Amino acid sequence: MPDAGLLRQYLAAGMPHGEPICMSFGETWDRIPPGLADCLRQVPRSSHGYQLSLHGLPRLRTALAAHLTASHRLPDTAERGRHWEVGVSWTGTRAAMFDFARLVLDRRPATARRPVALVAGPAWDYAGVLTPLGYDVRHLPLRFDRGFVPDPEELAELAAEIARDPAAGTAMVVVNAQHNPTAVNWSPDSVNALLDAAESAGAAVLIDDAYLNVHDVAVEPTSALRLLLDRRRAAGNSTGAPWLAVQSMGKQFGCNGWGVGAVTAPPEILDALVNGYRLHHSLMSSGMLQHAMADWLESVASTQFLAEQRVRLTETRAAAEEQFVKRLGYPASAVHTGECTPYIVVRVPPGYAGDEESAREFRAVCFERTGVLTAPVWPWPMPAPEEAGHDPQLRLYLGSGTEGVTEAVRRMSAAGLTWTARPAG
């Protein structure tokens with residue numbers, strides 16, 4: 001992990017600019033709500049042993065079902081146990097995606113063409129999950145100058161291009177409606193366009209809802225899960241191709257290290273995943289974390305925390321935009337704040353944007369001179385694919401709040417790392 005090496009060097013140098021400000025990781029390590037931490041301290045002794053339920057702690061499944069129903073505004077016609085069922089991921093949602101991708105491959109005919117996963121990008125590291133299994137990952141480009149909104153014409157062209165390939169076929173479409181890293185809350189039309197592409201290709205659907213509940217105050221998050229369930233019911237409740245929705249509790253409650261989340265799918269698919277594929281690599285563990293999360297979700301405090309977090313995020317996002325424009329001289333068109341997730345995207349200053357090497361240099365120079373650690377918009381270790389073009393950008397994490405963003409910008413301004421900055425020499 002490149003950031004680990006940079007941090008080691010900075011710490012060894014005695015932190016010359018103060019505590020490092022990590023705007024690269026989606027993590028602060030200290031955001032867990034006190035009430036949730038208290039829940040963990042009060043779990044019964046029995047929760048430290050293996051569990052008997054492969055689907056997860058029954059109490060937590062009930063709490064997650066209520067949480068999902070409220071968060072996604074699911075109608076009564078979307079029946080749990082018939083149209084969808086929920087289990088617990090206790091080894092992270094990444095592992096659940098990996099297992100689902102294996103299931104999809106196992107259910108494809110032996111004569112099927114090489115599997116392709118269609119992903120809108122820049123994106124989270126879906127390629128890191130899928131390519132080891134033999135998937136090709138093709139990206140629908142999300143462009144800064146278009147506000148990172150998926151273009152339906154480009155989507156249709158990409159889907160048609162894959163379909164014309166005699167050796168490949170779309171096997172999976174990934175939907176990340178509260179989009180990481182671009183912070184765009186995709187419209188229902190954008191989500192439906194991706195679901196249309198999946199349906200036309202007979203492809204599986206992977207819904208990544210890591211940030212469904214992490215958004216600005218005025219935003220109503222688009223529920224890809226609800227849109228998918230509506231479509232399936234309208235088609236006569238046909239099961240169609242497999243689908244899976246994952247929702248991390250760590251992302252919304254500041255406990256990434258717990259690895260606890262919700263995995264939602266048709267009952268038959270979920271049963272195959274938790275009673276088959278997951279047993280290949282894990283047993284029924286982390287009962288203490290599941291017990292604490294059940295207590296937390298059943299409390300009013302969890303709802304209050306999410307509401308308060310939205311207020312802080314809205315304020316921090318506005319402060320970040322103001323600071324980059326007023327103190328660092330960025331044009332407003334070079335700062336994309338979005339409206340969901342704890343991220344914003346900014347362009348690399350023109351003086352460092354000539355090629356990929358100079359863009360990487362800006363990130364290194366920024367950390368060396370300020371202790372502010374930023375991230376490329378495409379996650380390590382994946383370089384931007386050719387179809388993305390050359391438009392170097394940085395993803396900035398807002399988890400340190402308004403004070404952290406203000407201090408980061410102050411340091412960058414003092415070091416001369418403004419919009420007009422250029423490499424030395």
Side-chain angles (χ1 to χ4, degrees), residues 1 26-27 51 54-56 61 64 84-108 112 114-139 168-177 179-181 194 198 203-212 224-225 228 241-251 255-286 289-290 378-382 385:
M1 190 173 195
E27 177 65 275
Q51 296 184 85
L54 280 173
H55 281 74
R61 293 181 63 208
L64 285 172
W84 62 277
E85 187 53 274
V86 63
V88 180
S89 169
W90 57 76
T91 54
T93 52
R94 186 184 184 102
M97 294 182 193
F98 186 80
D99 287 344
F100 179 65
R102 290 195 296 143
L103 178 148
V104 170
L105 291 184
D106 288 346
R107 295 191 175 200
R108 281 166 60 82
R114 186 177 69 255
V116 175
L118 196 160
V119 178
W124 180 80
D125 185 30
Y126 301 107
V129 176
L130 299 175
T131 55
L133 292 170
Y135 287 82
D136 285 347
V137 176
R138 297 291 304 276
H139 289 98
T170 302
M172 181 182 296
V173 174
V174 177
V175 181
N176 177 210
H179 190 256
N180 173 13
L194 284 162
V205 175
L206 171 61
I207 296 174
D208 181 6
D209 279 332
Y211 292 107
L212 176 79
L225 175 60
L228 176 64
W243 62 266
L244 174 73
V246 297
Q247 187 168 333
S248 165
M249 296 296 106
K251 294 293 186 293
C255 57
N256 285 325
W258 288 24
V260 172
V263 286
T264 307
E268 182 271 329
I269 296 295
L270 187 64
D271 183 69
L273 287 172
V274 302
N275 290 309
Y277 289 83
R278 182 154 58 185
L279 277 177
H280 296 164
H281 56 77
S282 66
L283 292 174
M284 304 74 78
S285 60
S286 299
L289 301 178
Q290 295 186 49
W378 288 89
W380 70 272
M382 182 173 62

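Residue numbers count from 1 along this sequence. Fair warning: this is a prediction, and the values are worked out from it, not measured in the lab. All heavy atoms count here, side chains included; hydrogens, waters and symmetry mates do not.
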Enquirer: Counting only N and O atoms by type, is there a donor-acceptor contact under 3.5 Å from the side chain of Q290 to the main-chain atoms of S285?
Expert: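 At least one qualifying donor-acceptor pair exists.
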
Enquirer: Give me the atom names and distance for the closest heavy-atom approach of G87 to L270.
Expert: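 Heavy-atom minimum between the residues: N-CD2, 3.5 Å.
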
Enquirer: Could you pull out the closest heavy-atom pair between D99 and R278, with the gap in Å?
Expert: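 Nearest pair, atom of D99 first, then R278: OD2-CA, 3.7 Å.
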
Enquirer: I'd like to know if the side chain of S248 reaches the main chain of K251, judged simply by a donor and an acceptor atom lying under 3.5 Å from each other, with no hydrogens or angles considered.
Expert: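 Such a contact is found between S248 side chain and K251 backbone.
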
Enquirer: Side chain to side chain donor-acceptor pair (under 3.5 Å) with Q247: which residues, sequence neighbours excluded?
Expert: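 Residues passing side chain to side chain donor-acceptor pair (under 3.5 Å) with Q247: H72.
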
Enquirer: For the CZ atom of F98 and the OG1 atom of T91, what is their distance to the nearest 0.5 Å?
Expert: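 F98 CZ to T91 OG1: 11.5 Å, rounded to 0.5 Å.
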
Enquirer: So which heavy atom on A272 is nearest to which on L103, and how close?
Expert: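 Closest heavy-atom pair between A272 and L103: CB-CD1, 3.9 Å.
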
Enquirer: Given side chain to side chain contact (heavy atoms under 4.5 Å, CB included), test R108 with L105 step by step and report yes or no.
Expert: CA-CA 5 Å; R108 281 166 60 82; L105 291 184; 4.1 Å; yes

Enquirer: Is there a side-chain contact between V119 and H139, using heavy atoms and a 4.5 Å cut-off?
Expert: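 In contact.
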
Enquirer: Kindly say whether V86 contributes a backbone atom to a donor-acceptor pair with the side chain of R61 at under 3.5 angstrom?
Expert: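 Yes, because the side chain of R61 sits within donor-acceptor range (under 3.5 Å) of the backbone of V86.
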
Enquirer: State, yes or no, whether a side-chain contact exists between F100 and V263 at a heavy-atom distance under 4.5 Å.
Expert: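 A side-chain contact under 4.5 Å is absent here.
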
Enquirer: Which atom pair, heavy atoms only, marks the closest approach of W378 to A123?
Expert: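 Shortest heavy-atom separation between W378 and A123 comes out as CZ3-N, 4.0 Å.
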
Enquirer: So, using side chain to side chain donor-acceptor pair (under 3.5 Å) as the criterion, who are the partners of N176 when residues are at least two apart?
Expert: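 Side chain to side chain donor-acceptor pair (under 3.5 Å) list for N176, sorted by chain: empty.
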
Enquirer: Let me confirm one number: the CE-CG distance from M284 to L54, rounded to the nearest 0.5 Å.
Expert: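 Spacing of CE (M284) from CG (L54) equals 5.0 Å.
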
Enquirer: Side chains of V104 and Y135: closer than 4.5 Å at any heavy-atom pair?
Expert: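 Yes; the side chains approach each other to less than 4.5 Å.
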
Enquirer: Using side chain to side chain contact (heavy atoms under 4.5 Å, CB included), reason through I269 and W243 one step at a time and then give a plain yes or no.
Expert: CA-CA 8 Å; I269 296 295; W243 62 266; over 6 Å; no

Enquirer: Using 0.5 Å steps for rounding, measure from the CG atom of L64 to the OG1 atom of T264.
Expert: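 The OG1 atom of T264 is 8.0 Å from CG of L64, to the nearest 0.5 Å.
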
Enquirer: Does L283 reach the side chain of Q51, with side-chain heavy atoms less than 4.5 Å apart?
Expert: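 Counting from C-beta outward, L283 and Q51 never come under 4.5 Å.
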
Enquirer: Closest approach of L194 and V173, non-hydrogen atoms and distance?
Expert: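 Minimum heavy-atom contact is O-CG1, 3.8 Å.
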
Enquirer: Tell me, please, which residues at least two apart from Y277 pass ring pair (Phe, Tyr, Trp, His ring centres under 6.0 Å).
Expert: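 Partners of Y277 by the ring pair (Phe, Tyr, Trp, His ring centres under 6.0 Å) criterion, ordered by chain and then number, come out as H280.
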
Enquirer: Rounded at 0.5 Å granularity, tell me how far CG in D208 sits from NE2 in H179.
Expert: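 The CG atom of D208 sits 9.0 Å away from the NE2 atom of H179.
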
Enquirer: Do S89 side-chain atoms and G92 backbone N/O form a donor-acceptor pair below 3.5 Å?
Expert: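 Looks like yes, one N/O pair under 3.5 Å.
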
Enquirer: Using modelled atom types only, decide if a donor and an acceptor are shared between the side chain of D125 and the backbone of G128 within a distance under 3.5 Å.
Expert: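 Checked: pair present.
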
Enquirer: Mind listing the closest non-hydrogen atom pair of M97 and V246 along with its distance?
Expert: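 Closest approach of M97 to V246: CE-CG2, 3.7 Å.
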
Enquirer: Should L228 and W84 count as side-chain neighbours, where that means a heavy-atom distance under 4.5 Å?
Expert: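 Counting from C-beta outward, L228 and W84 never come under 4.5 Å.
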
Enquirer: Any side-chain to backbone donor/acceptor pair from Y126 onto A117? Under 3.5 Å, distance only.
Expert: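 The answer is no, because no donor-acceptor pair under 3.5 Å joins these two groups.
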
